[in-house]
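Input: a single structure, listed below in structure tokens.
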Amino acid sequence: MQGVLNNFSFAEKVKIFSYDYLKHCVYISHLDPTSGFFTKKLFAELVTSSQILEDFLDYHGAKNNKNWYYYRELSASVRHLSIGSYSQKHILNRLVFYDLVHTENFAKEGWATFNFLIESIKKLTPVILDEARRLDIAIPDDNFDVFEFPGVTTNDLLDYDIDDEDKDLQKKNIVKIASEFLIIAKNFDHSGFYEPYDSKKILEIVPDKVNEVEMRRFEMLVHNLQSAFDTYVIHGGYRFGNRKLKDLRGCFSVIFHLLQMIGRLLHFYERHLHEAGYKNIYKKVQEELSLLVDPAVLLDRTINYGLYYVCHFLRTGKNLASEILNENIERSSISVGVPVKLGFHSRPSLLVAKIVQHYGGQVELCVGEDRFDASSVLDIQWAGGKIQKENRTEVRFEGDVRALGDIKILTSVNYGEDTMGKGVPLPKELGYLK
């Protein structure tokens, strides 16, 4: 039987691989965007049917064929927009369970983004059907029923009868996850912004500074964080259990799904709408797609909704992550000497603060009865003045044992400088300070 199928020509097989995809296009072409029938099940099937068609076309060289290139690009467009829509629909479905605060504007902007995506998909469908007819691919006569694509939400919830609240929560895993969240938030800071960008400003950062590769990198980091949380901290859902931990889970979950959507939309823009091609056929198809999916609106939703709220939830999650971290870190204290000759001037203060910031847990520099925030360069220098005035040669650090261990290593090289204040090589354990 497989041998018979292998003997089918391209013209015969393209009809087979197009059938489900075109059937979904027929269904969507008659669907009211405001009807509520654009569901995760529909998007999942769109992704599958467009993916298999795109793979088939790519195998046969459609990307380098003038007759088939547009049909291929349309299938890719449907796939990426459907993946983005699936992620956004997931956020809208789960928002009530994330237990985030002040989400009214977030929900409003989320619905605006979702509506743009489904309207764009709907605009593509008649063009896809016309292109199929031009290529002599039969359009399916039968159609789906709306009841074949129900939403995932219902008025029922299953009984909560697996209690994960008393699970042996390993503090080292909680500390690790909270620390990594803080590191991600810090590293993402360069992409952050606090107000919407106009179209000119967006084009200045996309794709030079904000692009698919960069967003996918952060997506993977947050996904790893979520996976570690579910494996080593709490297996259950959002409804019960340790609220702080589950609130943090909700925070980086919404960030993850936003990054999923951003990555797909940036890929679609960079690969299919951005003027990067050099052949006439590529430029022509790019122009045609731009008439169907407005690049300016696509980037506005990607940046002023997606990226904006990633930055927003990273900022708001930092306080919660710090609180959880400081509740679970192992605490200790060490007594160490002060920097020889020059005391806590700029370099030693900066290196100590960087160590504390790297781990995220609370550490205090204690001088007599006074306590100073060891994550703050200014606080350490303020302490340095008191140390010099009182002619002290030793101080005490109290707090996160991880940071204390590295501070101890730093003191072994006189806080990274010689007695003349010139920098010296740091031990390999402190390589992250460079």
Side-chain angles (χ1 to χ4, degrees), residues 1-29 31 38-87 117-118 120-144 148-149 212 216 260 263-274 276-277 279-290 292-293:
M1 185 66 179
Q2 188 62 42
V4 174
L5 291 173
N6 287 339
N7 290 328
F8 280 15
S9 66
F10 170 81
E12 291 170 315
K13 279 193 175 182
V14 74
K15 295 174 182 178
I16 297 172
F17 282 95
S18 294
Y19 184 85
D20 289 340
Y21 168 70
L22 294 177
K23 186 176 178 181
H24 285 95
C25 289
V26 171
Y27 171 74
I28 291 170
S29 68
L31 202 59
F38 282 86
T39 64
K40 290 177 73 175
K41 188 173 188 296
L42 175 59
F43 296 130
E45 293 192 15
L46 272 175
V47 171
T48 302
S49 60
S50 58
Q51 170 82 70
I52 193 65
L53 174 60
E54 184 183 342
D55 288 350
F56 173 80
L57 292 170
D58 285 352
Y59 179 85
H60 289 85
K63 284 195 286 189
N64 298 101
N65 184 278
K66 293 179 180 179
N67 196 41
W68 287 93
Y69 181 65
Y70 190 32
Y71 190 60
R72 186 266 176 203
E73 287 294 280
L74 288 167
S75 67
S77 301
V78 168
R79 181 165 68 89
H80 293 299
L81 291 174
S82 296
I83 294 173
S85 299
Y86 186 97
S87 296
L117 292 174
I118 62 176
S120 296
I121 293 173
K122 186 171 172 61
K123 282 182 183 178
L124 288 168
T125 56
V127 179
I128 292 167
L129 296 173
D130 285 344
E131 186 68 3
R133 293 185 186 98
R134 185 189 70 80
L135 294 167
D136 198 27
I137 301 173
I139 307 300
D141 292 327
D142 55 336
N143 199 357
F144 291 110
E148 295 181 69
F149 298 103
E212 177 198 3
R216 289 276 184 91
Q260 280 185 313
R264 284 299 172 176
L265 297 188
L266 284 175
H267 173 94
F268 177 61
Y269 173 78
E270 292 176 50
R271 184 73 63 85
H272 304 284
L273 299 181
H274 185 52
K279 296 287 186 180
N280 286 338
I281 182 65
Y282 297 154
K283 291 181 179 179
K284 180 182 177 183
V285 168
Q286 177 261 321
E287 290 170 359
E288 301 229 1
L289 289 176
S290 296
L292 299 169
V293 183

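- A salt bridge does not link K283 with E287: every distance from a Lys NZ or Arg NE/NH1/NH2 to an Asp or Glu carboxylate oxygen is 4.0 Å or more.
- Side chains of V14 and W68 form a contact here, defined as non-hydrogen atoms less than 4.5 Å apart.
- The nearest pair of heavy atoms linking K63 to Y282 is O-OH, 3.4 Å.
- Heavy-atom minimum distance, H24 versus L46: CB-CD2, 3.8 Å.
- Side chains of R72 and N64: a donor-acceptor N/O pair is absent below 3.5 angstrom, by distance only.
- By the 4.5 Å heavy-atom criterion applied to side chains, S75 and Y21 are counted as neighbours.
- No option in R271, H267, R264 other than H267 meets the side chain to side chain donor-acceptor pair (under 3.5 Å) test with E212.
- We find the CZ-CG distance between F144 and D20 to be 6.5 Å, quoted to the nearest 0.5 Å.
- Scanning all heavy atoms of the two residues, the minimum distance from I128 to Y71 falls at O-CE1, 4.3 Å.
- Donor-acceptor pairing under 3.5 Å is recorded for the side chains of S290 and Q286.
- Atom CG of residue L53 and atom CG of residue D58 lie 9.5 Å apart, to the nearest 0.5 angstrom.
- The CG atom of D55 sits 7.0 Å away from the CZ atom of R79 when rounded to the nearest 0.5 Å.
- Between L57 and F17, the closest side-chain pair of non-hydrogen atoms is not below 4.5 Å.
- Once rounded to the nearest 0.5 Å, the distance linking CD of E73 with CZ of F268 reads 8.5 Å.
- Closest approach of F43 and S82 over heavy atoms only: CB-O, 3.8 Å.
- Here the straight-line distance linking atom CD1 of I83 with atom CG of L117 works out to 12.0 Å at 0.5 Å rounding.
- Across K23 and N143, no two heavy atoms sit closer than the pair CE-C, 4.1 Å.
- With sequence neighbours excluded, the residues satisfying side chain to side chain contact (heavy atoms under 4.5 Å, CB included) with R133 are L129, D130, I139.
- Annotation for P140 and V26: closest pair O-CG2, 4.5 Å, computed over non-hydrogen atoms.
- With sequence neighbours excluded, no residue forms a salt bridge (charged side-chain N to carboxylate O under 4.0 Å, His left out) with K122.
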